[in-house]
Amino acid sequence: MEAQLSDVEAGRRFYGELFGWTFGQTGEDGESDEGSGGGGDAGDPASESERPKEPGKAERPGKAGRPGEPRQPGTSLRAYLEGEPVAALVRKTDGRMPTVWSVYFHTPDARALAERIRAGGGQVVTPPHPVGELGTAALAADPEGAVFALWEPGGHRGFGRRHEPGTFAWAELYTRDTEAANAFYGDLFHDALFGPDADPDFGRAPVSDVFPAEMPPHFLVHFLVRDVEAALGTVARLGGRVRVPPFETSYGRAAVVSDGQGASFALLQR
């Protein structure tokens, strides 16, 4: 996962204190030196092995832009929890780009999966491209326009930790047509969603279950916390906003918030 932000340093302060993350600045080779962060209270579909993954901050030599595109050194940070990579913060160089958290799906073959996305009625926004020696990235959208990214790992596998406080716990697709979403993602990630060893951390729900009906279809990243009410207090203290107060789901108690720059995500208590 990565957050596209106008002010990466402000993101470092916000997420460092909220989740206890530390951060490393990426260099020209894409490698990251772990550095300072904050202290907080923190707190897969997919496979052919596709699961939501964090391509991290090590992946980006090149020019900054939309998720899945290579970036210049110094424009991004890799986030760590107890020394393991958990997310990434990327500086936007184009103010017209949205301030968002992006979900990556792990795949053993990004080019083949991109062709299947096209065949299923989706769009490949940024074709698969190498990110140094770390892997191959791409940006895509489903037939309703919900945007997601692909990651074919090389030297960087993705998450070092997940499903524990302060790390990725769930990705929910909010869509207008759940049956169409079932068909599209079920075809792309059938084994991970429905196979005998399936243990997905990805779901879908109608947009109107949580958001205004006019909200565009989108993915919502969930981070696990020990106490959602306490975490909401920390979000407010750090300058974030509560977008949707706590509500019950089939996968836990969630609340939708945004950071001080407007990137939305969910807090999840289980």
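Hydrogens, waters and symmetry mates are skipped; everything else that's a heavy atom, side chains included, is used. Just so it is clear, the model here is predicted, and its values are computed rather than measured.
Nearest heavy atoms, G120 versus P143: O-CG, 3.8 Å. M97 approaches K92 most closely through the heavy-atom pair O-NZ, 2.7 Å. Of all heavy-atom pairs spanning P153 and H106, the tightest one is CG-NE2, 3.2 Å.
Listed by chain and number, the residues in a side chain to side chain contact (heavy atoms under 4.5 Å, CB included) with R237 are E17, T234 (sequence neighbours excluded). Residues satisfying the ring-ring contact (aromatic ring centres under 6.0 Å, His included) test with Y251, not counting sequence neighbours, are W170, H222. With sequence neighbours left out, R241 forms a side-chain hydrogen bond (donor to acceptor under 3.5 Å, both in side chains) with no residue at all. For Y174, there are no side-chain hydrogen bond (donor to acceptor under 3.5 Å, both in side chains) partners two or more places apart in sequence or in a different chain. Residues passing the salt bridge (charged side-chain N to carboxylate O under 4.0 Å, His left out) test with R204, sequence neighbours excluded: none. Evaluation of the side-chain hydrogen bond (donor to acceptor under 3.5 Å, both in side chains) rule for T136 yields no partner, not counting sequence neighbours. Taking the side chain to side chain contact (heavy atoms under 4.5 Å, CB included) definition, one finds that D187 meets it with R116, sequence neighbours left out. A search for side chain to side chain contact (heavy atoms under 4.5 Å, CB included) contacts involving V235 returns F14, L18, V257, L267, not counting sequence neighbours. Under the ring-ring contact (aromatic ring centres under 6.0 Å, His included) criterion, F184 pairs with no residue at all, not counting sequence neighbours. Contacts of P216 classified as side chain to side chain contact (heavy atoms under 4.5 Å, CB included), with partners at least two apart in sequence or in another chain: none.
How far CZ of F23 is from CZ of R13: 11.0 Å, rounded to the nearest 0.5 Å.
Among L188, L139, L113, the single residue meeting the side-chain contact (heavy atoms from CB on, under 4.5 Å) criterion with L150 is L113.
Counting only residues at least two apart or on different chains, the side-chain hydrogen bond (donor to acceptor under 3.5 Å, both in side chains) pairs with a member in residues 253-265 are Y15-D259, E229-R253, R243-S258, E248-R253. Screening residues 93-105 for salt bridge (Lys or Arg N to Asp or Glu O under 4.0 Å), with sequence neighbours left out, gives D94-R96.
Taking the six-membered ring for Trp and the full ring otherwise, F202 and F189 have centroids separated by 6.0 Å or more.
Counting only heavy atoms from C-beta outward, the side chains of T178 and P206 approach each other to under 4.5 Å.
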